[in-house]
Amino acid sequence: MNTHSLQLATVPFNAITSGEKVIESRLYDDKRQLIQIGDIIEFTNRESPDQKVSVKVIGLLRYETFHDLFSHNSPKKFGGESVEWLENQINEFYSIEEQKLNGVIGIEFELL
């Protein structure tokens, strides 16, 4: 079991601490390829770095694009209202080219 550190903006961070968000979506890059089921992730609030929450990884959902990931899972699990809303949010960070090159992952977790 390994511990990984990820940063989040305040809104998704608060959605995790409240239990509303149970899947974090990321590009499946070298850093995310190290995450395994049973690992611990410590999320830090980017705007308030003293705020942290730890979760246990219980599932890894691999897809080619975020559209596929969001379409095959409930948007509420990502802290979103709809597939379109989630795509608009994530596309600010990752291009479709990056998604197809690396693939994407949904990291399913439970609060510790």
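Annotation: side chain to side chain contact (heavy atoms under 4.5 Å, CB included) contacts of His4 (sequence neighbours excluded): Asn2, Leu34, Ile35, Asp39, Ile41. Every side chain to side chain contact (heavy atoms under 4.5 Å, CB included) that Thr10 has, sequence neighbours left out, goes to Asn14, Asn45, Glu47.
When all heavy atoms are compared, the tightest approach of Ala9 to Pro12 is O-CD, 3.3 Å. Between Ser71 and Val83, the shortest heavy-atom contact is OG-CG1, 3.9 Å.
In this structure the side chain of Ile40 reaches within 4.5 angstrom of the side chain of Met1, judged on heavy atoms. Between Ser25 and Phe66, the closest side-chain pair of non-hydrogen atoms falls below 4.5 Å. Looking at Ile90 and Phe70, their side chains come closer than 4.5 Å, going by heavy atoms from C-beta outward. Looking at Glu20 and Lys76, their side chains never come closer than 4.5 Å, going by heavy atoms from C-beta outward. For the pair Glu24/Val57, no side-chain contact is recorded, criterion being any heavy-atom separation below 4.5 Å from C-beta on. With a 4.5 Å cut-off on side-chain heavy atoms, Val22 and Glu110 do not count as touching.
Between the NE2 atom in His67 and the CD atom in Glu84 there is a gap of 8.0 Å [rounded to 0.5 Å]. Atom CD1 of Ile105 and atom CZ of Arg26 lie 11.5 Å apart (nearest 0.5 Å). The NZ atom of Lys52 sits 5.0 Å away from atom CD of Glu42, with the distance rounded to the nearest 0.5 Å. Here the NZ atom belonging to Lys21 is positioned 5.0 Å from the CD1 atom belonging to Ile16, to the nearest 0.5 angstrom. Here CD of Glu81 is found 9.5 Å from CD of Gln89. Values are rounded to the nearest 0.5 Å. Interatomic distance, Ser82 OG to Asn88 CG, rounded to the nearest 0.5 Å: 8.0 Å.
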**OP:** Evaluate the side chain to side chain contact (heavy atoms under 4.5 Å, CB included) criterion for residues Arg32 and Leu6: first the C-alpha distance (whole Å), next the side-chain angles of each, then the deciding distance (0.1 Å), finally the verdict.
**Re:** CA-CA 10 Å; Arg32 263 50 81 170; Leu6 297 176; 3.2 Å; yes

Subject >> Candidate pair Asn102 and Tyr94, rule side chain to side chain contact (heavy atoms under 4.5 Å, CB included), full reasoning >> reply: CA-CA 11 Å; Asn102 294 285; Tyr94 305 115; over 6 Å; no

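The aromatic ring centres of Phe43 and Phe109 sit less than 6.0 Å apart.
Hydrophobic clustering of Ile, Leu, Val, Met, Phe, Trp and Tyr side chains at less than 4.5 Å, counting indirect connections, unites Trp85 with Tyr63. In terms of hydrophobic clustering, with Ile, Leu, Val, Met, Phe, Trp and Tyr side chains grouped at heavy-atom distances under 4.5 Å, Ile37 and Tyr28 are assigned to a common cluster. A continuous path of hydrophobic side-chain contacts links Leu86 to Phe93 [ILVMFWY only; heavy atoms under 4.5 Å]. Cluster membership check: Leu61 does not share its hydrophobic cluster with Ile107, using side-chain heavy-atom separations under 4.5 Å among Ile, Leu, Val, Met, Phe, Trp and Tyr.
When each of Leu111, Leu8, Leu112 is tested with Val53 by the rule side-chain contact (heavy atoms from CB on, under 4.5 Å), just one qualifies, namely Leu111.
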